[in-house]
Amino acid sequence: MIIAIDGTLASGKGTIARRLSAWYGLAHMDTGRLYRATGVAALNKNVDFDDPDALADVARTLDLNDYSEEELRTAEAGQAASKVAAVPDVRAALLELQRAFANQAGGAVLDGRDIGTVVCPEADVKLWVDASVEVRATRRWKELTEKGETLSLQEMIAQLKERDDRDKNRADAPMIAAADSVLIDTTHLTIDAAVDKARAAVDTVIAQTSERSEP
Ligand code: C5P
């Protein structure tokens, strides 16, 4: 079984993905890490962000082991990620890796922006996770300030809107809900309630599949 989870920044999609992966015993890939690592690598190598060929080279030679979780979770890494993610050759370089992961024996959960639309359009379950801008910005701001980053909530809201706009409006694999996805709006939901909704969506598909395969 392949579960594709897409959605906006700080919507809760990562938490839902990790919890579904543990519950159903499926491998999990946070595909944002690939773009974050490409962005951080490009920053570290002083690559020109206006040079698509150089950015694609960085993606092709990426070694995820070179980056700590801490390094990848900064606001700067997130901004860099959304810039490199707009480059078609960067996306192409990271696509096969994601597809191979998705198609492993036993199935997988992948979360990102284009899993249900581009990476795994044939996924068994597609979820689209979203929440209001204010709620998402507050969540991410708390997370970053607890780690010692100094930015105001207003700056966080501005950064989040900028990233949403870039992700939604890029020509290649824009962030958009797949037509056959189930919406989970986490604005007023606890994590447990959001995970319950996600599990209900997966269980519905599992029940339909077993009905179809009964003699
Ligand atoms: O989810 P996360 O905040 O880690 O993603 C960082 C950035 O990577 C996103 O803003 C988006 O530009 C890009 N991304 C993408 N496609 C994915 C996952 C992430 O374009 N499947």
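Only heavy atoms go into these numbers, but all of them, side chains included; no hydrogens, no water, no symmetry mates. Atoms within each ligand, like the ligands themselves, are counted from 1 in listed order. A quick note: this is a predicted structure, and the numbers were derived from the prediction, not measured.
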Report task. Test Arg73 against Asp30 for salt bridge (Lys or Arg N to Asp or Glu O under 4.0 Å), laying out the working first. Result -> CA-CA 12 Å; Arg73 303 293 342 156; Asp30 163 6; 3.6 Å; yes
Polar contacts were defined as any N/O atom of the residue lying under 3.5 Å from an N/O atom of the ligand; does this apply to [X] and ligand 1?
| X | value |
| --- | --- |
| Asp111 | no |
| Arg33 | no |
| Arg140 | no |
| Thr31 | yes |
| Arg36 | yes |

Distance-only check: which donor-acceptor pairs under 3.5 Å involve side-chain atoms of residues 41-49, not counting sequence neighbours?
{"unit_1": "Asp48", "atom_1": "OD1", "unit_2": "Asp50", "atom_2": "N", "d": "2.8"}

Query raised in the report: If hydrogens are left out, which of Arg73, Arg91, Gln79, Met29 has an atom nearest to atom 20 (O) of ligand 1, that is, the closest non-hydrogen atom?
Result: Arg91
Query - Per-residue contact class, Ser82 against ligand 1 - non-hydrogen pairs under 4.0 Å - result: both
Query raised in the report: With a 4.0 Å cut-off, would you call Lys142 and Glu146 a salt bridge?
Result: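 Glu146 and Lys142: not salt-bridged.
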Query raised in the report: Nearest heavy-atom pair of Leu144 and Ala75: which atoms, and what distance?
Result: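 Heavy-atom minimum between the residues: CD1-CB, 3.9 Å.
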Query - Whether Thr186 side chain and Leu189 backbone form a donor-acceptor pair below 3.5 Å - result: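 No, Thr186 side chain to Leu189 backbone: no donor-acceptor pair under 3.5 Å.
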Query raised in the report: Should you measure from each heavy atom of Ala85, which atoms of ligand 1 turn up under 4.0 Å away?
Result: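 With Ala85 as reference, the close atoms of ligand 1 come out as 12 (O), 13 (C), 20 (O).
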